[in-house]
Amino acid sequence: GDPSGERILFVAASTPGLYRIRVEGMLAKALELRGARPVFVLDRHDVWHEEHLRAFGFRDFVFFDDHAPARAPSEARAAELLARCATIRDVLALEENGYAVGIHSASRALNRLRRGTLRLDDSDVHAELHWALTNSLVAARAAESIFAAVRPAAQVATAQNLTPWAEFYEGGLRRGV
């Protein structure tokens, strides 16, 4: 691709399933042929995703793991934020640096617990919310770091997954990307 072309950030390239990565690879190749410079966000441990993209000729990767902050401070911050919540509405209202981490966390917890509602007095729910909120805090910081490093003109978001990709979608929307 043209190294001077506008960077297009492909997020969620590490979502389950190699079929999606093949579709994203074809889309990225079409954009590259039109002068864009695709950049892929990958999890370092998802080697098959990287290998499939390399087969398309791509070499511009950003690893989520390299931009994610240490987990322990995010775990402590998640505990601090949750301690202030008396109701699920309080959880939904949680924000950190402009990211709706409460909504993302509640959504993720609902999905993982396979429940229709979240009760804060349920220890399983509280533990799941803490885990999800920690992940959302990590993802929001990683997204900020990646957007700053890559400075994309646009992002392609084909997956409809939750954390960590929801934070990328939100960060991109706030930047008009």
Side-chain angles (χ1 to χ4, degrees), residues 9-18 20-21 24 39-50 61-152 155-177:
L9 187 66
F10 279 76
V11 299
S14 295
T15 56
L18 293 176
R20 182 184 309 272
I21 203 69
E24 289 183 356
V39 179
F40 297 88
V41 178
L42 298 172
D43 286 328
R44 190 169 294 286
H45 68 275
D46 286 337
V47 294
W48 284 112
H49 291 94
E50 182 180 346
F61 305 113
V62 177
F63 294 99
F64 180 89
D65 319 60
D66 294 344
H67 292 269
R71 192 160 175 85
S74 294
E75 288 175 339
R77 180 67 177 144
E80 178 186 321
L81 289 171
L82 278 177
R84 296 188 219 160
C85 296
T87 68
I88 194 62
R89 289 189 190 280
D90 295 336
V91 172
L92 295 175
L94 291 175
E95 287 195 5
E96 186 81 356
N97 298 322
Y99 283 85
V101 294
I103 290 172
H104 301 316
S105 302
S107 180
R108 183 71 170 155
L110 279 170
N111 180 276
R112 285 178 44 98
L113 290 171
R114 305 276 191 240
R115 297 190 183 179
T117 187
L118 298 174
R119 296 180 50 92
L120 294 182
D121 58 351
D122 181 327
S123 62
D124 290 339
V125 168
H126 194 272
E128 193 65 34
L129 279 171
H130 181 264
W131 177 86
L133 185 55
T134 299
N135 287 346
S136 190
L137 292 168
V138 166
R141 290 186 185 107
E144 284 295 308
S145 177
I146 290 170
F147 277 116
V150 175
R151 295 184 323 273
Q155 76 172 322
V156 175
T158 61
Q160 297 175 355
N161 293 11
L162 306 169
T163 297
W165 309 119
E167 290 79 5
F168 277 89
Y169 305 152
E170 184 177 356
L173 287 171
R174 290 188 316 163
R175 288 173 175 74
V177 173

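Reckoned from all heavy atoms, side chains included, excluding hydrogens, waters and symmetry mates. Nothing here was measured: the structure is a model prediction, and the numbers come from that model. Along the sequence shown, residues are numbered consecutively beginning with 1.
Checking side-chain atoms of Asp65 against main-chain N and O of Asp43 turns up no donor-acceptor pair under 3.5 Å. Without hydrogens or angle criteria, Asp122 side chain to Arg119 main chain gives no donor-acceptor distance under 3.5 Å. A side-chain donor-acceptor contact under 3.5 Å links Asp90 to the backbone of Ala86. Of the possible donor and acceptor atoms, one in the side chain of Glu170 sits under 3.5 Å from a partner among the backbone N and O of Ala100.
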Under the criterion side chain to side chain contact (heavy atoms under 4.5 Å, CB included), I'd like the reasoning laid out for Leu42 against Val62: C-alpha separation, chi angles, the key distance, then a yes or no. CA-CA 6 Å; Leu42 298 172; Val62 177; over 6 Å; no
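For the atom pair Glu167 CD and Asn135 CG, the distance stands at 8.5 Å (nearest 0.5 Å). Of the inter-residue distances, the one linking Asp121 atom CG with Thr87 atom OG1 reads 12.0 Å to the nearest 0.5 angstrom. The distance from the CG atom of Leu82 to the OG atom of Ser105 is 7.5 Å, given to the nearest 0.5 Å. Once rounded to the nearest 0.5 Å, the distance linking NE2 of His49 with CZ of Phe61 reads 11.5 Å. Gln155 contributes atom CD, which lies 8.5 Å from atom CZ of Phe168 (distance to the nearest 0.5 angstrom). Expressed to the nearest 0.5 Å, how far NE2 of His45 lies from CZ of Phe64 amounts to 10.5 Å.
Of all non-hydrogen atoms in Leu92 and Ala106, the two that sit nearest each other are CD2-CB, 3.6 Å. Scanning all heavy atoms of the two residues, the minimum distance from Ala68 to Val138 falls at CB-CG1, 3.7 Å.
For the pair Val91 and Leu118, the minimum side-chain heavy-atom distance is 4.5 Å or more. The shortest side-chain heavy-atom distance between Ser136 and Arg108 does not fall under the 4.5 Å cut-off. Using a 4.5 Å cut-off on side-chain heavy atoms (C-beta onward), Cys85 and Leu120 make contact. At a threshold of 4.5 Å between non-hydrogen side-chain atoms, the residues Val156 and Leu9 do not count as touching.
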Using residues 124-131 as the side-chain source, report each donor-acceptor pair under 3.5 Å to any protein atom, sequence neighbours left out, with the distance given to one decimal.
from	atom 1	to	atom 2	distance (Å)
Glu128	OE2	Arg112	NE	2.4
His130	NE2	Glu75	O	2.9

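The environment of CZ in Arg89 is sparse: at most 12 heavy-atom neighbours from other residues, nucleotides or ligands sit within 6.0 Å.
Judged as a salt bridge (Lys or Arg N to Asp or Glu O under 4.0 Å), the pairs with a partner in residues 140-149 (not counting sequence neighbours) are, in order, Glu96-Arg141, Glu144-Arg174, Glu144-Arg175.
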